[in-house]
Amino acid sequence: MITDPPAAPTHSLPGIGPAKAAKRAEKPAPPEITDPLAAPTRSLPGIGPAFAERLAEKGLETVEDLLWCLPRRYDDVRDAKLLCEVVDMAEGTRATFIAKVASSRMVFVRGRRWAEVRLGPTDLERGRMAEFQLPASAVVRWFNVWAGIEKRMPAGSTVTLSGVVKKRNGRLELANPDILAIDIAELVELPLDGAAAGTTPAPKKPKPMPTIIARYPDVAGVPASKLRAACQTACARVGGIADDGVPKTIESAAAMPSLAETLARLHEPPADISAEDLASLNRGDSRWQRRLAFGELFALGVAVALRRRERRGDAAVPCPRAADLAAALAKALPFEPTNAQQRSIRELGDDLARSSPMNRLLQGDVGSGKTCVAFAAALQVARAGRQTALMAPTELLAEQHAETWRAWAKATGLRIELLTASTPKPTRQSLLALVGAGKIDVLLGTHSLIAESVGFHALGLVVIDEQHRFGVAQRAKLRDKGDGQGAPHLLVMTATPIPRTLALTAYGDLDVSILDELPPGREPAQTRILAGKRGETAAYKLIAERVAVGERAYVVCPKVEGDPDSEPRESEAGERPRAGPAWKDATTVATELADAHPQLRVGLVHGRLDGESRDRVMRAFKQGELDVLVATTVIEVGVDIPAATVMVVHDAERFGLAQLHQLRGRVGRGGGVAHCLLVTGGSVSEDGKRRLDAMVATTDGFRIAEEDLALRGPGELLGPRQAGVPRLRFGSLTQHTELLLEARGHAERILDEDPDLVRPEHAPLRAALTRRLAQSVYGAESG
Ligand code: ADP
Ligand code: MG
């Protein structure tokens with residue numbers, strides 16, 4: 001975390017050649033290039049081979065690495081307490097104080113070792129002893145340290161420490177306090193008003209020399225003071241020539257300090273900095289820290305904008321709106337589209353009519369009616385003589401689409417076909433022939449359609465359903481599916497709301513349409529939190545009642561079986577099973593439920609079943625042959641079962657917020673009252689409680705997504721090692737939304753002026769893009 005490691009130069013950015021990347025990849029810089037930033041740390045005064053070795057272990061190899069090794073915290077020694085004041089403080093408070101070392105030694109007892117330092121009042125404090133009642137002394141211990149630390153604090157030296165106040169038998173004892181400074185002579189010798197004169201009563205607190213102490217990350221084997229000196233020296237030497245790619249013009253347009261100033265201030269804040277500004281530094285929202293965040297977000301904005309422009313440069317065959325399109329759609333659909341659906345249909349329609357490929361994300365909660373928007377687009381494309389491929393994540397969903405699309409298509413004359421792994425071979429052969437001949441307007445299937453060698457006659461539109469983890473590479477692959485006349489238009493539909501900041505970055509090259517309105521008559525599910533065994537009983541009772549009137553229920557559990565081997569590695573929320581009641585397992589729950597309510601027909605699905613068996617049980621539930629489906633979270637996203645009205649989630653505190661929201665979205669699709677019962681197991685963590693409360697508080701997927709992002713951070717939200725999530729060091733997608741938007745605006749402006757970044761003043765920007773973003777933005781494709 002200390003350094004910003006040069007990204008592996010595997011992917012090149014659009015418009016940026018491999019030469020730059022290659023240059024950075026070579027370890028030892030060619031001798032004729034004397035880049036002071038790339039100089040080894042050893043080249044700085046005071047850094048010998050041993051010191052350099054320690055630094056290298058932490059990844060700090062060059063002067064530039066040291067320059068970017070920034071303090072984690074700043075301690076204000078101006079309000080350092082005297083020892084006697086600390087003696088007065090309550091246990092558990094953190095105190096920064098100055099004291100004089102009375103003795104120091106290493107103690108070795110039964111294999112344990114610690115440094116023990118006895119402290120007494122400093123000279124200036126001694127002069128004022130009379131003012132204080134308590135004897136000022138303390139014992140400080142540093143455990144598990146290597147011998148040597150005690151020698152750095154010989155008797156007589158003055159130390160500034162920061163630690164948590166603890167007392168034993170009325171005596172001050174601190175364990176492992178931070179050492180801020182050793183032997184700050186000025187502090188001791190500072191003449192005090194009053195104290196020196198010995199007349200007027202001294203002020204309560206002495207006014208030592210203003211000093212802010214920068215606290216750097218720990219580097220094993222390197223005293224903090226040496227590291228501080230090294231980083232500050234590096235900054236003095238090269239801080240003025242570092243460049244993160246933000247052009248001067250942008251810097252002043254955004255009213256940001258220069259990078260040189262920023263780095264200098266971060267390494268050494270002004271001695272007269274106000275307490276307020278210091279607090280802002282420690283919170284990480286000072287203007288200098290914002291400047292670093294801006295640099296990152298700006299580079300990110302440029303990278304995303306470059307990609308978007310590159311895609312816009314592709315050619316697509318325009319599919320203009322046929323004159324009778326609106327009428328045909330109205331005839332096809334059994335309902336009136338909502339305003340949100342109409343808006344999205346319009347947005348898509350405009351895109352499709354262009355000669356550059358549509359690249360659009362359609363977001364809308366489960367049940368918001370995304371299918372009809374896709375259908376409208378497919379109709380427009382078909383009327384323009386081109387074909388549509390729709391890909392669903394599972395066969396069952398593909399079948400569900402086929403059912404819906406065929407029903408709607410009746411009035412339009414569109415030919416809809418389904419192609420999945422279970423399509424019999426002869427049928428498959430003839431289907432492929434028909435697709436190749438352009439006789440089929442819409443081909444529905446699973447994601448494997450992309451991989452397969454389906455030859456379309458004129459592929460105009462690709463729709464990806466329920467898959468927001470659709471990577472850049474997969475999107476690129478689609479272009480090859482074009483028929484030589486141009487890339488197909490692309491529509492990605494997702495029920496996982498993506499917070500705006502993420503949509504702008506990870507999905508920044510996609511335009512976004514949003515369905516923020518549910519079809520009429522849809523009541524949000526009533527959500528309740530129920531605790532323990534009694535909660536479970538109440539939940540099962542509700543299930544029995546609803547089933548008695550012909551409705552159906554889901555019961556979701558965090559794991560499959562009761563045996564310890566099947567303990568989940570980790571829940572989505574990242575919580576491991578703790579001591580206390582074991583996690584509910586689907587197998588046991590299914591049995592218990594059937595025992596308690598024998599009239600219920602209970603089915604079981606989980607991830608250990610193969611896809612076929614899973615689909616079979618799901619189908620039985622859909623068709624009403626089962627009343628209750630007990631499941632792990634594998635239950636399909638987007639399966640439309642209007643009769644399902646109850647969702648019970650066991651150990652709900654262990655699920656992630658987005659996941660809970662998805663689960664809840666599966667009930668209440670048929671109108672009428674739906675219930676979501678979140679049953680908690682053992683003790684609920686703070687975060688767990690916050691998630692459950694958020695679920696009760698709102699059914700708005702976007703608010704949930706924002707909350708989720710705040711709770712878990714972007715990487716977690718989109719899955720582990722998620723592609724498309726930039727690795728940011730200073731910028732934060734949750735805290736810097738406004739800064740991100742501003743940076744994005746500037747990025748667009750720069751590219752308007754200099755689309756290929758060829759101007760000399762943009763060379764540092766190109767370098768920064770290659771260095772920082774090549775990997776994180778356009779890296780792995782799983783996402
Ligand atoms: P999503 O894919 O967004 O989860 P669907 O497209 O499956 O949602 O739609 C959910 C249900 O709502 C379907 O049964 C669909 O027919 C119905 N529906 C969609 N739009 C409307 C509307 N405007 N009015 C009434 N019902 C609608
Ligand atoms: Mg759907």
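Counting starts at 1 for both ligands and their atoms, in listed order. Heavy atoms only: backbone and side chains are in, while hydrogens, waters and symmetry mates are out.
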> Could Asp693 and Arg690 be called an ion pair, given the rule that one side-chain N must be under 4.0 Å from one carboxylate O?
Replying inline: no

> Does Gln341 reach ligand 1 with a nitrogen or oxygen that is under 3.5 Å from one of the ligand's nitrogen or oxygen atoms?
Replying inline: yes

> Is any N or O atom of Gly364, backbone or side chain, closer than 3.5 Å to an N or O atom of ligand 1?
Replying inline: no

>> Need the ligand 1 atom indices (1-based, order shown) with element for anything under 4.0 Å from a heavy-atom of Asp365.
In response: 3 (O)

> Which ligand 1 atoms are under 4.0 Å away from a heavy-atom of Glu336?
Replying inline: 22 (C), 23 (N), 24 (N)

> Are side-chain N/O atoms of Arg664 and Thr699 paired as donor and acceptor at under 3.5 Å?
Replying inline: no

> Can you find an N/O atom of Pro520 closer than 3.5 Å to an N/O atom of ligand 1?
Replying inline: no

>> One thing to verify: whether Asp627 and Arg601 come together as a salt bridge, which I'm taking to mean a side-chain N less than 4.0 angstrom from a carboxylate O.
In response: yes

>> Could you report the tightest heavy-atom contact between Arg383 and Ala328, atom names first, then the distance?
In response: NH1-CB, 3.8 Å

>> Can you tell me which residue among Glu612, Glu399, Glu395 is in a salt bridge (charged side-chain N to carboxylate O under 4.0 Å, His left out) with Arg619?
In response: Glu399

> Just which atoms of ligand 1 are under 4.0 Å from any heavy atom in Thr371?
Replying inline: 2 (O), 5 (P), 6 (O), 7 (O)

>> Testing Val556, Val555, Thr680 one by one against His650 for a side chain to side chain contact (heavy atoms under 4.5 Å, CB included), which residue passes?
In response: Val555

> Which ligand 1 atoms are under 4.0 Å away from a heavy-atom of Thr338?
Replying inline: 23 (N)

> Any non-hydrogen atom of Ser368 lying under 4.0 Å from ligand 1?
Replying inline: yes

>> What I want to know is whether Lys370 and ligand 1 share at least one N or O pair that is separated by under 3.5 angstrom.
In response: yes

> Does the side chain of Glu517 reach to within under 4.5 Å of the side chain of Asn339, using non-hydrogen atoms?
Replying inline: yes

> Under 4.0 Å from ligand 1, counting heavy atoms only, is it the side chain of Thr404, its backbone, both or neither?
Replying inline: neither

> Can Asp516 and Gln363 be said to form a side-chain contact (heavy atoms from CB on, under 4.5 Å), step by step?
Replying inline: CA-CA 8 Å; Asp516 49 7; Gln363 293 192 45; over 6 Å; no

> What atoms of ligand 1 come within less than 4.0 Å of a heavy atom belonging to Pro337?
Replying inline: 23 (N)

